[in-house]
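Keep in mind that the numbers below use all heavy atoms, side chains included, and drop hydrogens, waters and symmetry copies.
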Amino acid sequence: MSPRPFPIAFVRFRRLSLLVLMPLLVSGLLLLSSPSPSWAARGGRIGGGSFRSAPSMPRSYSGGGGSYGGGGYRGGYGGGIGFPFLIPIFGFGGGGLFGFLILMAIAGVLVNALRGAGGGMTSGGGSLAAAPRADGPVTIAQLQVGLLASARELQDDLRRLAATADTTGSTGLQRLLQETSLSLLRQPDLWVYANSEVGQVPFASAESTFNRLSMTERSKLRSEVTSNVGGRRFQDEVAASGPTDAASDFIAVTLLVASRGRIPIKTITSADDLRDALGVIGAVSAGDLIALEVIWQPEGKGEVLSTEELLTAYPQLQHL
């Protein structure tokens, strides 16, 4: 005897509930996680990338006891993933708002799948199966470092990269990622806090997830003094960049990376873990790199980022 299918009305109700609740939950967490402007300093941003074209070759991923075999993007926005599918594995970490947004991205794709499959349901227990799409999942990694503000050379390096980096293509972005990782690796005596989070999302929801995470980090800045994104450079002449105030305690740097390949970063609890994580993330190849953002604060001349301000804006940071 074939199993009795769920009533169509029940499936549609569940689908509608997800569609209504997900935006509200995401918006609420974004508001709760963003620091008040009074806590923020001015900052800088470098990056770019494109989710417009799917990976040229399908990839298979495994780890943490499972694998991802479906999902993807084909010829434009929309669609969803086909059945059967496996939810991406969070094998290396993920928590707080980062983990929540990753889960919401997966839930969004599941809703799209239910929407697409609803018309194919039959009262006689017909199959929901469809051929899985070839495009593999996207790994999104976020690495944050809090350094003592005496790391002036790091700020100089970031300004130099903002002025010279080619952010229009994957080769230039890979060079930017490598140079930023190296600049951080050269300041081991000044590392105080760090945090790493990694998750995988279907290609169909990767761009929106990356953008949400980027907006969350950018909202922690009072304004962007220095910017080089997608080949467009900006320098706020009114709020000139320059050395932070002598009383400043910290500089915070965030690396946000989207890759076609895995980024095996483990949870950071020590300086050795951070050194390993910077080596791994800096080694992401140009062929795998889809998008990159480097965001830091303070950047405005005379700005201050105290211990309290740092931990308010970046509550996930772990003391090394």
| note | side chain to side chain contact (heavy atoms under 4.5 Å, CB included) filter on N211, not counting sequence neighbours, yields E207

| query | Taking only residues two or more places apart in sequence or in another chain, which ones pass side chain to side chain contact (heavy atoms under 4.5 Å, CB included) with A151? | reply | L147, L154, Q187, L190, I251

Side chains of [X] and [Y] in contact at under 4.5 Å (non-hydrogen atoms):
X    : Y    : result
Q155 : R152 : yes
L158 : S183 : no
E299 : E224 : no
F234 : R45  : no
L143 : L274 : yes

To the nearest 0.5 Å, what is the distance between [atom1] on [X] and [atom2] on [Y]?
X    : Y    : atom1 : atom2 : value
K220 : Q144 : NZ    : CD    : 5.0 Å
N195 : Q142 : CG    : CD    : 7.5 Å
I140 : S205 : CD1   : OG    : 7.5 Å
L310 : D249 : CG    : CG    : 9.0 Å
L289 : L173 : CG    : CG    : 5.5 Å

| said: Donor-acceptor pair, distance only, cut-off 3.5 Å: does the side chain of S219 make one with the backbone of T216? | reply: yes

| Ion pair check, E293 and R218, cut-off under 4.0 Å | no

For [X], give me all partners under side chain to side chain donor-acceptor pair (under 3.5 Å), at least two apart in sequence or on another chain.
X    : value
R186 : none
S181 : none
D273 : T269, S270

| Which heavy atom in T139 sits nearest to a heavy atom in G261, and how many Å separate them? | OG1-O, 3.2 Å

| task | Specify the closest pair of heavy atoms between A162 and I46, including all atoms of both residues, with the distance to one decimal. | result | N-CD1, 3.6 Å

| task | Evaluate the criterion side-chain contact (heavy atoms from CB on, under 4.5 Å) for residue pair I290 and V138; output intermediate values, then yes/no. | result | CA-CA 9 Å; I290 300 175; V138 172; 3.8 Å; yes

Please determine whether residues [X] and [Y] belong to a single hydrophobic cluster, defined as Ile, Leu, Val, Met, Phe, Trp and Tyr linked transitively by side-chain heavy-atom distances below 4.5 Å.
X    : Y    : answer
I265 : L320 : yes
L292 : V229 : no
L311 : L305 : yes
F51  : V201 : yes

| query | With sequence neighbours excluded, what pairs up with Y193 under the ring-ring contact (aromatic ring centres under 6.0 Å, His included) test? | reply | F250, H319

| Which residue pairs pass the ring-ring contact (aromatic ring centres under 6.0 Å, His included) test with at least one member in residues 147-180, sequence neighbours excluded? | none

| Within residues 281-303 or reaching into it, pairs that qualify as ring-ring contact (aromatic ring centres under 6.0 Å, His included) - sequence neighbours excluded | none

| Does R233 have any salt bridge (charged side-chain N to carboxylate O under 4.0 Å, His left out) partners at least two apart in sequence or in another chain, and if so, which? | none

| message | List the residues meeting salt bridge (charged side-chain N to carboxylate O under 4.0 Å, His left out) with D276, not counting sequence neighbours, and say none if there are none. | response | none

| task | Would you check, one step at a time, whether the test side-chain contact (heavy atoms from CB on, under 4.5 Å) holds for I268 with W191? | result | CA-CA 12 Å; I268 295 176; W191 300 340; over 6 Å; no

| field | Result of checking L256, L255, L221 against I295 for side chain to side chain contact (heavy atoms under 4.5 Å, CB included) | value | L221

| Of all pairs that satisfy side chain to side chain donor-acceptor pair (under 3.5 Å), the ones with a partner from residues 160-179, not counting sequence neighbours | D166-T168, T167-N228

